[in-house]
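Values in this document were obtained by computation on a predicted structure and should not be read as measured data. Throughout, a chain's letter reflects where its sequence line sits, starting with A, and its residues are numbered from 1.
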Amino acid sequence: MARAELLMETVAPEPDGTSASCWSIPKHGGMRVSAHLYGDRATLAEVTAGETLTQLAAVASLPGVVGPVCALPQVQPGCGFPAGAVAAFAARAGGVIVPGGIGYDINCGVRLLSAAVDASELRPRLATLMDDLLRGALYAPMRLSAPELASVLGHGASWAVAHGCGIPADVDPLDWRGTMPGADPRLGSERALVRGGGQLGTLGSGSHFVEIGYVERILDPAAADALSLRAGQVTAMLHSGSRGLGYQVSADGVELMQRAVERYRIQLPDRQLACAPLASDEARRFLGALAAAANYAFANRQVLTHRVREAVARALAVPVDALGLSVLCDVPHNLAAFENHVVEGRALSLCVHRRGAARGLPAGHPDLPNALRGLGQPVVLPGDMGRYSLLLLPEPGIAATFNSLPHGAGRRLGRAAAHGRPSSHPWPHELADAGIEVRSAAPEIVEECTPDAYHELEAILEVLSAARLARPVARLRPLGVLRG
DNA sequence: ATGTTC
């Protein structure tokens, strides 16, 4: 059957009045649960044209899955498991852990900082700042001894704070306060340990970035006030993960699970969805390594935060303390974690996999720190470096996605497709004209980041608002971008 | 995403 015909038969607005912002893919073939797709008609058309629909159906057929499998607006085909998708599994129902449902960059995420200083103060020093960051934040690794690395893997962001990178309050807004529980510092792989020893405090390449910007517009004054956000103030956003260590843990995990699939005789629709029962020894080993790699990423973003603070302070010739550059949020988007959810009136402990998807806890959630209990968990939604990003707050409807949001604008064009663009698109000169300072070790990376390679954030926001997943609090505008 | 093929 042609894929378009399959979609015509299986995707339809729900009878209970679900709007065009959420589409249901009913169970068919081997699916154990339905899948929900959040998006406008254009998103639906993209999903129809590619592999995403098949991949969603494959994920929805895995053992112990608790529906619905959710596809967020920027969803795209991934390695077996779509990027921008969420799937939850119940250990008691034979649920599994799926390394492919986390992604190769374990606990890759985006952190947002906001400063007490105004953008007008920074603008004259911007070029100097970006040159400084290019030298100091892109690749300036800390060398860790084996015991030091073990401590990083066990303690995450707090290790970095205890070693001079930041202040204790930095970890307050972080999930698990920056220390994911259950970490096994042995990782189960010597190679992963070797790779981790020399990369802490490095940004990474590809889509990883540091962006210096400012609050362009407040969209929800009461929420912005509660977060001490005001128009004009300097922001810093950084996107980085667990580097070679996380990659190795993930690759080791896929290999481990491919053996587990045979051992437990799991029927797989796609080899890349290799998995093991959450109750198995294989899962126990992988989950320990996963938490350790997540902690490495938390520590990495903390070290990078320290580097950014030092560079901004140097640029303005003020002490670091005077910047008030505080952590507004730190949003992992490649992770799996055990969480309590209520599904069809039943309280369940679920292992929620978020691949290219953020977690956003709604107001009142018991896992929120006291300071955010009444407001909900702020989530930054990065756009592209020529336009803007958004700060969001979860809305009550977010329970429908297991408290998940998209992780950014998402690529519309592949990185290769963004190369060799016609001269009618004089990117990146447009950025210079707009006063945005771009730095990268590799010029072709900048070319890959042309705004037309990304989805419109506005269209994503419309879907999030219509589905009552989140509301916008502030719009952030870039001033300078360092691309890995 | 990734010492982009140990």
Side-chain angles (χ1 to χ4, degrees), chain A residues 51 55 74-85 98-111 138-144 149 187-210 237-257 272-274 286 289-290 292-301 304 331-336 353-358 382 384 406-411 413-419 440-449 453-454 482-484:
Chain A
E51 288 297 314
Q55 292 191 351
Q74 31 60 291
V75 71
Q76 54 176 311
C79 300
F81 195 111
V98 197
I102 296 163
Y104 278 100
D105 190 357
I106 293 167
N107 190 11
C108 186
V110 183
R111 181 182 283 210
L138 190 65
Y139 198 81
M142 298 175 83
R143 304 287 173 187
L144 302 170
L149 178 59
L187 297 181
S189 160
E190 184 63 26
R191 187 181 293 174
L193 289 169
V194 169
R195 294 185 71 172
Q199 286 191 312
L200 194 69
T202 62
L203 187 62
S205 63
S207 65
H208 289 156
F209 64 81
V210 174
M237 182 160 51
L238 56 97
H239 177 199
S240 189
S242 49
R243 311 291 287 102
L245 180 144
Y247 176 90
Q248 198 61 53
V249 167
S250 188
D252 293 341
V254 172
E255 198 184 308
L256 180 67
M257 297 311 163
Q272 296 183 103
L273 291 175
F286 177 69
L290 175 73
N295 286 337
Y296 188 90
F298 279 133
N300 196 34
R301 287 197 288 277
L304 291 169
V331 188
H333 57 229
N334 282 354
L335 208 50
H353 293 55
R354 296 187 182 86
R355 166 75 182 94
D384 59 73
H407 82 309
R411 292 198 74 94
L413 296 177
R415 281 163 61 180
H419 280 286
S440 175
E444 68 273 15
I445 296 287
V446 178
E447 199 176 352
E448 291 168 4
C449 300
Y454 289 83
L482 170 65
R483 279 277 167 175

Looking across every strand, which nucleic acid part, if any, lies under 4.0 Å from G206(A) by heavy atom: base, sugar-phosphate, or nothing? sugar-phosphate

Quick one: D252(A) CG to dC6(B) P, roughly how many Å, whole number? 13 Å

Taking CD from Q248(A) and P from dA1(B), how many angstroms apart are they, rounded to a whole number? 18 Å

Measure CG/N300(A) against P/dT2(B) and give the value in whole Å, please. 10 Å

Which atom pair, heavy atoms only, marks the closest approach of I106(A) to G246(A)? CD1-O, 3.5 Å

N or O in side chain of R243(A) less than 4.0 angstrom from dA1(B) OP1/OP2: no

I need the S240(A) OG to N107(A) CG distance, nearest 0.5 Å. 10.0 Å

Contact under 4.0 Å: S205(A) side-chain N or O vs dT2(B) OP1/OP2: yes

Y104(A) OH to dT2(B) C1': how many Å, rounded? 9 Å

What heavy-atom pair brings S440(A) and R483(A) nearest, and what distance separates the two atoms? OG-O, 3.3 Å

Give me the ring orientation class for F81(A) and H353(A): parallel if the planes are under 30° apart, tilted from 30 to 60°, perpendicular past 60°. parallel

Give the rounded distance in Å between these two atoms: CD of Q199(A) and C1' of dT4(B). 13 Å

R191(A) CZ to dC6(B) C1', in whole Å, measures 5 Å

